[in-house]
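The chains referred to below are lettered A, B, ... by the order of the sequence lines, with proteins before strands, and numbering in each begins at 1. Everything numeric here is computed off the predicted structure, so don't read it as measured data.
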Amino acid sequence: MILKLKEPLNLDFTLNSGQVFNWKKNNDFWEGFVNGKKTKLKKKGANLFFKGASKSEILSFFKLDESLDEIYQSILSKSGDLLLESLFKKYRGLRILRQEPWECLISFIISQNSSIKTIRKRIETLYSLNDGFPSAETLSKLSESDFRKMGFGYRSKYVKETSEIVASGFDLRKIKGRKFDSALEELKSLPGVGDKVGKCVMLFSLDFNEAFPVDVHIENVMKKFYHRERNIQEFAVKRFGAYAGYAQQYLFFSDVF
DNA sequence: CAGGTC
DNA sequence: TCTGG
């Protein structure tokens, strides 16, 4: 199937930017999961060739309903930021994804204090448990030591407990409609979810485009270029506006990759 | 030493 | 503090 792209999309930047850990490039095909469906992608000019997920699922996954250039403009006109202006040019087509919230949550819980390579391996292990990413019900039936055997370390307890809570009715999707602070608070009530993981889940799966997750890389960037060490979320929204999360993604990408 | 949390 | 690379 073919999709005509009206929006800038760079698959290499987007699928390699630390938002998702279950995509692989084989030759010139990207392979991963969209909405639980194994999907192959290849881009040629403005044509996106795809197999697996449906067209509307792909449009949603890459948030192709949002105009990237308008987002750039919105951030630049508000901030006049020269660093971001150059990053938007350099990494044009780097998009923020709209992932499945449950998978996103577990992915970032097991990402803490780990290298990208380790994170990828852990997620691959989860996928190998059954066909596709295991549900909260499935994971809640495993024990903490099962997760330790998978190499999750101290995060095992978080995964076990969070799975139990979600399996017994905690609805991630209902958080979507909440106010920012309330949504973050709700997520942080889950074991293993702090400020950083919570904001990653909000930005990458729940459409909170103003979420500005702060990890060590962003901390360094903010210190170096903006002379900020505290209250970074507030600063980011004031400076970059409602799409601060996009600014975060470009700053992160330029620092790490 | 690695994209934190409690 | 855990633990893989």
Side-chain angles (χ1 to χ4, degrees), chain A residues 12-24 87 91 94-97 99 101 103-128 139 142-166 170 172 181 183-206 208 210-226 228-233 235-236 244-257:
Chain A
D12 293 343
F13 292 158
T14 303
L15 297 172
N16 233 337
S17 58
Q19 299 179 65
V20 272
F21 308 98
N22 62 348
W23 282 83
K24 273 186 200 160
L87 294 179
Y91 301 122
L94 166 59
R95 306 190 70 94
I96 286 186
L97 299 170
Q99 302 180 52
E103 178 173 354
C104 187
L105 173 63
I106 293 299
S107 299
F108 280 96
I109 287 179
I110 61 182
S111 80
Q112 48 201 57
N113 268 319
S114 308
S115 66
I116 290 192
K117 187 165 185 169
T118 304
I119 302 166
R120 283 181 177 281
K121 203 184 156 195
R122 287 179 187 150
I123 289 172
E124 208 167 298
T125 307
L126 286 176
Y127 267 93
S128 72
L139 291 188
L142 298 179
S143 68
E144 186 182 331
S145 76
D146 288 330
F147 293 120
R148 285 190 178 271
K149 283 171 199 154
M150 297 180 206
F152 291 9
Y154 68 92
R155 307 160 196 81
S156 301
K157 193 178 174 171
Y158 299 154
V159 174
K160 167 70 178 165
E161 290 176 352
T162 290
S163 296
E164 283 174 340
I165 293 170
V166 173
F170 186 101
L172 285 166
D181 291 333
L184 182 57
E185 196 182 345
E186 187 86 7
L187 283 168
K188 282 168 79 171
S189 75
L190 296 167
V193 180
D195 217 63
K196 194 267 178 181
V197 170
K199 283 174 190 170
C200 282
V201 174
M202 289 169 74
L203 179 60
F204 301 140
S205 76
L206 297 174
F208 285 88
E210 73 271 48
F212 199 91
V214 179
D215 54 49
V216 286
H217 300 288
I218 290 296
E219 212 172 88
N220 291 336
V221 171
M222 295 311 281
K223 215 180 281 180
K224 188 172 171 188
F225 296 108
Y226 301 94
R228 282 276 160 171
E229 300 194 27
R230 290 185 300 169
N231 303 114
I232 292 178
Q233 174 71 53
F235 170 77
Y246 277 83
Q248 189 271 5
Q249 195 58 203
Y250 282 77
L251 291 168
F252 176 80
F253 193 75
S254 70
D255 189 62
V256 177
F257 299 100

Next item on the list: Identify which nucleotide among B/dC6, C/dG4, B/dG3 has an atom closest to any side-chain atom of A/Tyr158, counting heavy atoms from C-beta outward.
Entry: B/dC6
Notebook entry, point to check: With a 4.5 Å limit on heavy-atom distance, are the side chains of A/Phe212 and A/Lys199 in contact?
Noted result: no
Note to self: Can you identify which nucleotide, out of B/dG3, C/dG5, C/dC2, has its nearest atom closest to the A/Phe108 side chain?
What the structure shows: B/dG3
Item checked: Candidates C/dC2, B/dT5, B/dA2 - which lies nearest the side chain of A/Val197 -> B/dT5
Next item on the list: Please determine if A/Lys160 and A/Glu164 form a salt bridge, counting it only when a charged side-chain N lies under 4.0 Å from a carboxylate O.
Entry: yes
Notebook entry, point to check: Base, sugar-phosphate alone, or nothing: which one does A/Gly18 contact when heavy atoms must sit under 4.0 Å apart?
Noted result: base
Margin query: What's A/Leu190 touching, base or sugar-phosphate or nothing? Going by heavy atoms closer than 4.0 Å.
Written below: sugar-phosphate
Note to self: Looking at the base of C/dG5, is there any donor atom on it, or on the side chain of A/Lys117, that sits under 3.5 Å from an acceptor on the other one?
What the structure shows: no
Next item on the list: State which of C/dG5, B/dG4, B/dG3 makes the closest approach to the side chain of A/Lys121.
Entry: C/dG5
Checklist line | Test item: side-chain donor near acceptor, A/Asp195 and A/Gln233, under 3.5 Å | finding: no
Notebook entry, point to check: Does any N or O donor sit under 3.5 Å from an N or O acceptor when you compare the side chain of A/Arg148 with the base of C/dC2?
Noted result: no
Margin query: Under a 3.5 Å cut-off for both contacts, is C/dT3 paired Watson-Crick or G-U wobble with anything, and if yes, with which nucleotide?
Written below: B/dA2
Checklist line | Value in whole Å for how far the C1' atom of B/dG4 lies from CD1 of A/Ile119 | finding: 11 Å
